[in-house]
Number of protein chains: 2
Amino acid sequence: MFQNAPLQGSNAERSRHQNRQAVLGQIHRQGTMGRAEIARALSLSTQAVSNIIADLSGDGLLIERGHLNVGRGQPARQYALNPKGGFALGIEVRPDAVLSALLNMEGQAVVTKRVALQKTDPGTIVDTVKTLFHHALADVPNARRRMLGAGIVMPGPFGATGITGHGTGLEDWCDVDPTTLFSDALGLPVEVSNDANAAAMAERLSGAAQDLSTYAYLYFGAGLGLGLVSGGHLVQGAFGNAGEIGHIPAPGCRDNLESALSRSSVQRHLQRVGKKGDDIEALDELFTHEDNDLYDWLNQATEALAYAVTIVENIFDPETVILGGAMPDQILNHFVAHTLLPAQSVSNRPNPKLPRLQRGTSGRMTATLGAAALVLHRTLSPQIAHAH
Amino acid sequence: MFQNAPLQGSNAERSRHQNRQAVLGQIHRQGTMGRAEIARALSLSTQAVSNIIADLSGDGLLIERGHLNVGRGQPARQYALNPKGGFALGIEVRPDAVLSALLNMEGQAVVTKRVALQKTDPGTIVDTVKTLFHHALADVPNARRRMLGAGIVMPGPFGATGITGHGTGLEDWCDVDPTTLFSDALGLPVEVSNDANAAAMAERLSGAAQDLSTYAYLYFGAGLGLGLVSGGHLVQGAFGNAGEIGHIPAPGCRDNLESALSRSSVQRHLQRVGKKGDDIEALDELFTHEDNDLYDWLNQATEALAYAVTIVENIFDPETVILGGAMPDQILNHFVAHTLLPAQSVSNRPNPKLPRLQRGTSGRMTATLGAAALVLHRTLSPQIAHAH
DNA sequence: CGGATTAACTCAAATAATTTGAATAATCAA
DNA sequence: TTGATTATTCAAATTATTTGAGTTAATCCG
């Protein structure tokens, strides 16, 4: 899945493709830009950019947005991404439900939907995904022709590994290659990833990591996940299972990090004292009422979090660590405010430009949005070309 | 140093450059190849490859190596890298000495040297490095014109961080930018990295990782370092300090992983019982005589190593973890053989193609060779182009 | 107010790399 | 010996780029 593909040489056609992507990406990062400005940013001639913009406008990917006047000289005609120029489907498969989001080119969700699942075999899930796709298409005129691809998020780890304890609920999926399965079913190019990785990309598309290129994302999902972004690209590992930080044993934790720092952890903790902590609303409620049992959990979870951050900072040296996922914002804020970050860390700098730990801002559907973000990322940033 | 540089667009000239690099890299990986074979591998026309090969041969980077006959059809003229076509200087700066190695295009060391240091201020070290460079040039005719660049390895972490405890011995270097310093002094393009990262690349150039693209390298240097290679490229972190695994506190370790698993750790342990473990030879000797005190250390070190591997596997999901650095091969072998690898890991696969933990094979000068390998890597693999 | 300056953009030609297609060369196999 | 196969070369076509001159539209400044 992530093998050492041989690199491709370049020719005129592939240069054009790369330059188109570069122009789109540049405009995406900046919002709106003029031809000459783009040319300077990409070290291309204005003429080349002009040609490419004509192309992209013709394809409906760019729209003009008036003129910008910054002093002397002819005002620059500004271009922006056409929100309706392209769409990306994001699908999140959970053991109990499938979520979908259709994002436009600007990264805004135009349709979202959730369907509960009775069975989790590949057939059922593929059918559900197909239905969700057709629903989304029905709501958005012309989206069919403008689909850029689909991103699928599934609970990891992928393939047969030593991690079996927690049961992902998707046991029938061992021998299936999800990429070709969904690609054939939807008739779209497909990217598959796990929840934490996708969430990390969601945060880059429209959240706290918009201007970051090297950061880590700690994600509360089924367990505790980690998404690593280096130089703007996901670090997925050799088999797509990078970031399984939850399974690391930690000092002071019963079993591993996940056993002290995850949704199941807090749920178990509250269950023992006869309280309900199944959903985000319940946790939010408890936190608002300063529930003592929840605070007990928070105290030991904060220690586990400090340890997780220590590992991530020293191994990966990110610009910042972002915290997000299936937790109430209040609790995430509590973590950010009350976690005692280790002094013994390469990230403990004298005058940091960014907080070492911050809360993600892309909301509850992070992973679903992230699935679509994977697709947008591919179309907006020039990739090293691989053969086949 | 590792900021989010904007991407560059492509044009004919830059395509040629990229294709030249791709051809060189392809030949490097394969040993020798014919034009048509290269064309297929890179999805280029044979004519394009023919032109590029004429170019590269003219520049002295390729040499012809006879004909290869594989059945019907005209035999293909084979090309290989010209070992004397390019050289890379590797420099390793330690608190007590500076080491140098001049590698040819094939990655073989043609000159190596070591100079002890009295002082470690930038001026002294730059002078030493200059002298080593000129010595190397004097020994190899025509190397001056054919220098591809220099790689410098220095003990991390770089910049002001929370890691101060162990004292790198290079305190005067806080406010110096080593890249421009050495680049100006040597008149060469320079890459700066830490020892573990460089060692990881050495292993890829000519060691155990030649056919791997995503792996981790645990390195015994001053402390315990980690080099991460993802998709053939180093993961260096936002500030170049990725891989400081030694500073992570671990269950069962006095202070952190490094305090149980490093040269200083074994040295301290042996010192307490009045034995000498300062250099590799002494450790080798003790191991050969099955010294009980050394074995005591090994037992607890093996546990620390198991934990380090757990972290690395679950966070990074590598194809394999390679163990190397300043330890006798015997001891590294002992670690590989006797470390109880965790079952709770994404790397615990049913039918692994590679051992999860293996010993590096690039010998004692790994980091110095790795410094030069950074330069060769840059010239042999097409990079995403960045502006400026 | 009006000419000089500045900057963005366009047009047409030049350029530099590629691909394409036909021709040639060298080997194997029947 | 002849036909099939594969590698390579040559010359022309192609495709993207850059270059340079010219146009447009704004600000600056006397």
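Per chain, numbering begins at 1; letters A, B, ... match sequence-line order.
Taking for each of A:Leu44 and A:Arg72 the nucleotide of DNA chain D with the nearest heavy atom, the 5'-most of the two is the partner of A:Leu44. Residues A:Gly73 and A:Ala36 both approach DNA chain C. Their nearest nucleotides, taken by heavy-atom distance, put A:Gly73 toward the 5′ side.
Between A:Asn11 and D:dT15, a side-chain N or O to OP1/OP2 separation shorter than 4.0 Å is absent. Taking only side-chain nitrogens and oxygens, B:Arg35 comes nearer than 4.0 Å to OP1 or OP2 of D:dT9.
Taking the side chain to side chain contact (heavy atoms under 4.5 Å, CB included) definition, one finds that B:Ser206 meets it with nothing, sequence neighbours left out. Remark: A:Ala76 engages A:Gln78 in a side chain to side chain contact (heavy atoms under 4.5 Å, CB included) (not counting sequence neighbours). B:Ala150 meets the side chain to side chain contact (heavy atoms under 4.5 Å, CB included) test with B:Leu89, B:Leu186, B:Leu188, B:Val190; sequence neighbours excluded.
Among all heavy-atom pairs drawn from B:Thr214 and B:Asp317, the shortest one is CG2-O, 4.4 Å.
Candidate nucleotides D:dA25, D:dT18, D:dT15 were compared by shortest atom distance to the side chain of A:Gln74, and D:dA25 ranks first. Nearest to the side-chain atoms of A:Arg16 among the listed nucleotides D:dT18, D:dA4, D:dA16 stands D:dA16.
Between A:Arg77 atom CZ and D:dT24 atom C1' the separation is 11 Å, expressed in whole Å. Rounded to a whole Å, the CG atom of A:Asn69 is 10 Å from the P atom of D:dC28. Distance B:Ile38 CD1 to D:dA7 P: 12 Å, rounded to the nearest Å. Here the P atom of nucleotide D:dT17 and the CD atom of A:Glu13 are 12 Å apart, to the nearest Å.
The neighbour count for B:Glu13 CD, taken as heavy atoms of other residues, nucleotides or ligands under 6.0 Å away, does not exceed 12.
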*What do the steps show when you test A:Glu203 against A:Thr361 for side-chain hydrogen bond (donor to acceptor under 3.5 Å, both in side chains), and what is the final call?*
CA-CA 7 Å; A:Glu203 210 63 46; A:Thr361 60; 3.2 Å; yes
*Show your working on side chain to side chain contact (heavy atoms under 4.5 Å, CB included) between B:Tyr217 and B:Met201 and close with a plain yes or no.*
CA-CA 9 Å; B:Tyr217 188 100; B:Met201 290 311 277; over 6 Å; no
Counting only pairs under 3.5 Å, give me each side-chain donor-acceptor contact of residues 50-59 of chain A, with atom names and distances, residues two or more places apart or in other chains.
| unit_1 | atom_1 | unit_2 | atom_2 | d |
| --- | --- | --- | --- | --- |
| A:Ser50 | OG | A:Arg35 | NE | 2.8 |
| A:Asn51 | OD1 | A:Gln47 | NE2 | 3.1 |
| A:Asn51 | ND2 | A:Gln47 | O | 3.4 |
| A:Asp55 | OD2 | A:Arg20 | NH1 | 3.2 |
| A:Ser57 | OG | A:Ile53 | O | 2.8 |
| A:Asp59 | OD2 | A:Arg20 | NH1 | 2.9 |
| A:Asp59 | OD2 | A:Arg20 | NH2 | 3.0 |

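For the pair B:Gln8/A:Leu42, no side-chain contact is recorded, criterion being any heavy-atom separation below 4.5 Å from C-beta on.
Where DNA chain C meets chain A (any atom under 4.0 Å from a heavy atom), the bounding nucleotides read 5' to 3' are C:dT5 to C:dT19.
Near DNA chain D, defined here as any heavy-atom distance below 4.0 Å, the residues from residues 46-65 of chain A are A:Gln47, A:Ala48, A:Asn51, A:Ile52, listed numerically.
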